[in-house]
Number of protein chains: 2
Amino acid sequence: MEKITINDIARLTGLSKGTVDRVLHNRGEVSKKSYQKVMDSIKELGYEPNLYASLLARAEQKTIALLLPAHQPGTYWELAAKGEAKAQAAIKPLSLTTRQFNYNQYSADSFREACTRVLESNPAGVVMAPMFQYETQVFAQELQARGIPYSLIDTKLETPGYLSFYGIPAYKSGYLCAAMLIGEGPVKEVLVVRIMRDKGRQSDPTVLRRSGFMDYMLEHNPGCTIRSLFIDPEDPAATDDALDAFFTEFPGVRHIAMLNSRIHLIVPFLERHPADIRVVGFDNLDANLDALKRGTITALIAQRPEEQVHQAIQSLANRIVFQRFPEKTDNYQHMDILIRFNAEDY
Amino acid sequence: MEKITINDIARLTGLSKGTVDRVLHNRGEVSKKSYQKVMDSIKELGYEPNLYASLLARAEQKTIALLLPAHQPGTYWELAAKGEAKAQAAIKPLSLTTRQFNYNQYSADSFREACTRVLESNPAGVVMAPMFQYETQVFAQELQARGIPYSLIDTKLETPGYLSFYGIPAYKSGYLCAAMLIGEGPVKEVLVVRIMRDKGRQSDPTVLRRSGFMDYMLEHNPGCTIRSLFIDPEDPAATDDALDAFFTEFPGVRHIAMLNSRIHLIVPFLERHPADIRVVGFDNLDANLDALKRGTITALIAQRPEEQVHQAIQSLANRIVFQRFPEKTDNYQHMDILIRFNAEDY
DNA sequence: TGAATTTCCGTGCACGGTAACGGAAATTTT
DNA sequence: AAAATTTCCGTTACCGTGCACGGAAATTCA
């Protein structure tokens, strides 16, 4: 019942606590025989180290690095960055901090460069939202070689030995998006708006979302024409023109979806040309939520990115401080459906 | 930059750490002059106690009491009870545990009795899901008198000095429920199924939900007939008969809602008499989720009760260990909309 | 004024682990 | 076989607080 301490196993094995400590942290200088004896009685007595005593004696601050795409205010990655603060508060009593590193999500070079900055900071763990398959692999290998645990959020790339993943299922989210878009009745024609810049190099989740979207259409609403329109997020005027041209050509379209967080880009146009259109997009950016509350956007599929970074950081903290591994490696999270009547408390 | 310790302020004030410690925990035996000197230099140096050292030296486990309605497997309060485990893991490093006390949600006597059991256990904090306005007030006053902080979940009753509240907005949840039930088109006739036992003494959230439901109807779907049907949760056969009788009398009804977690009770009937009926209910009980995935239930409004207890416990832990108060007292949480396409990862 | 209290405060050990230091024992080298 | 290493281990001084104990100083009592 009473707590087993390092002294108890020292006494039991006839060794000193110095030796016991050495085996606990395997920092060598212990004979195989002693090592075995200590390990045995640790198991026998069910010894668990006292966290406070340990932290007090070390008194050293470890840090967890956060590797995220750089973000402008009002964009998706800003939401994730906000999760850092909450997580920080939670892990502070564990003598841990976080530090954020950013990269340009459209440049592999910048990602590589950020990776070396992360390594230079000598982190105790890394949380990353990866964008580049190959570069991420290389980085993951380096982390593994150095024995630095890491977790993934948002995008699950196939990298060796990640501790955990947190994100929504990309394929299913596209499927859900289609379901929300179609609503009850069958639909003849829908528009999927896309981002120009993504045309060349599509991110992994975007591709999967599209395929989920398409599959829903095939299964539940076949014979529907799916039209695409590419817009430039940097150029609102051109976006307006593009939409104008589109609706001149296809005036019957009453269903619009976007498979990323930028749905707010078409809101100004829609509000200048009111019509009874179902509009579905992703993520709880302020601009999206506002349009949702006004009724311009019908539904949003949201994923609590703050929660994702929080959880990822927490799992690393458990690993680093307690040597505890998460129960599940892949944690697919709930996709929140937001409509105007439940957006307020989000 | 380097940490200020108790010794630093001892040195600065020319007193000993023993004295400093006495003022820190105001356990008396200190002259006013010394007290003032210590307080001043604490402020001056910005001293913050070292949590580990403190916990290590005390080595005493405080406990947070959880006061919840007793629960059968597969009922709502079981979900909340599950949150206890998660919270427990989170606060363990803070030398805190939780302990659950249950009461019969239909008996004020049993609630009172549970309250005295809680007090006898001498908890450092209390989380409760209250059902009885008056008894809860009395209990809250007692807690306040003893200086025991407490938080509320689920139902926000007006009690003095609670630390925090976590739950969904009851009125709005009824409103949302109606919105999900009606869907796109106007509806002529809906059925709201209710629980017999609740007829006499309706809980606070149920009343508010009903009023939100009604208001939505008035505002968005006026002229709709709202029919009620009472069923007995203990008697499936009677439930079936009642539904049978109802649909014989009103065969046109194609919309059913229930404003509590028991929607699964009518699922067997619905599956024996297939028809294209929209069915909306509350909470992610396994039975509800299963019916949702099968398509019998159209939508569920869920509220993550585990999260609510987790958060409430966390806020108490911060209060107890760090003397930190939550930013917001009333934390209304997001109402999750579950449909068959996003139920899987919930 | 001396004795008896009371008030106030310093000392020192305990909490459980960490890691530097130095030395004995075992092993290798010359 | 003595010297030089290497391997292995015990000792010890912390880390920052909590708290019991005892004693000096101030106050009250006789």
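Note that the structure is predicted; figures quoted are calculated from it, not measured. Below, chains carry the letters A, B, ... as their sequence lines are ordered, and counting in each starts from 1.
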Does one side chain, of B:Q137 or B:T159, offer a donor that lies under 3.5 Å from an acceptor on the other? no
Does A:H25 have a side-chain nitrogen or oxygen under 4.0 Å from the phosphate oxygens OP1 or OP2 of C:dA19? no
Please give, in whole Å, the distance from D:dT7 P to A:K33 NZ? 17 Å
Start at the 5' end of DNA chain C and walk down; is the nucleotide closest to B:V30 or to A:I6 reached first? B:V30
OP1 or OP2 of D:dG10 less than 4.0 angstrom from a side-chain nitrogen or oxygen of A:T19, does that happen here? yes
Per side chain to side chain contact (heavy atoms under 4.5 Å, CB included), A:V127 is matched among A:L68, A:L152, A:I153 by A:I153
Quick one: B:K37 NZ to C:dC8 P, roughly how many Å, whole number? 14 Å
Return the value, rounded to whole Å, for the distance between atom NZ of B:K32 and atom P of C:dC9. 11 Å
Do A:T97 and A:Q61 pair up side chain to side chain, a donor and an acceptor below 3.5 Å, judged on atom types alone? yes
Could you check whether the side chain of B:K17 and the base of D:dT17 have a donor-acceptor pair of N or O atoms closer than 3.5 Å, going by distance alone? yes
Gap between atoms CG and C1', on A:N7 and C:dG17 respectively (whole Å): 9 Å
Rounded to the nearest angstrom, tell me the gap between atom CD1 in A:I4 and atom C1' in C:dG17. 16 Å
Salt bridge check, B:R112 against B:E135: does any charged N sit closer than 4.0 Å to a carboxylate O? yes
Distance test, side-chain N/O of B:Y47 to OP1/OP2 of D:dT17, below 4.0 Å: yes
A:N50 CG - C:dG16 C1' separation (whole Å): 5 Å
Would you indicate, yes or no, if D:dG18 has its OP1 or OP2 atom less than 4.0 angstrom from a side-chain nitrogen or oxygen of B:S54? yes
Need one value for A:Y35: base, sugar-phosphate or nothing, where a base atom within 4.0 Å counts as base even if backbone is also close, heavy atoms only. nothing
Has A:S31 got a side-chain N or O lying under 4.0 Å from the OP1 or OP2 atom of D:dT7? no
To the nearest angstrom, how far is B:I9 atom CD1 from C:dG10 atom C1'? 15 Å
Would you classify B:D21 as touching base, sugar-phosphate or nothing, given that sugar-phosphate means primed atoms plus P, OP1 and OP2, and contacts are heavy atoms under 4.0 Å? base
Counting any heavy atom closer than 4.0 Å, what does B:L15 reach on the DNA or RNA strands: base, sugar-phosphate only, or nothing? sugar-phosphate
Do B:Q333 and B:E307 get their side chains close enough for a donor-acceptor pair, meaning under 3.5 Å? no
Classify the side chain of B:R22 versus the base of D:dG18 as yes if they form a donor-acceptor pair under 3.5 Å and no if they do not. no
Would you kindly give the CG-to-P distance between A:L56 and D:dA13, to the nearest whole Å? 18 Å
Assert: residue with more 5' nearest nucleotide on DNA chain D, out of B:T5 and A:E29, is A:E29
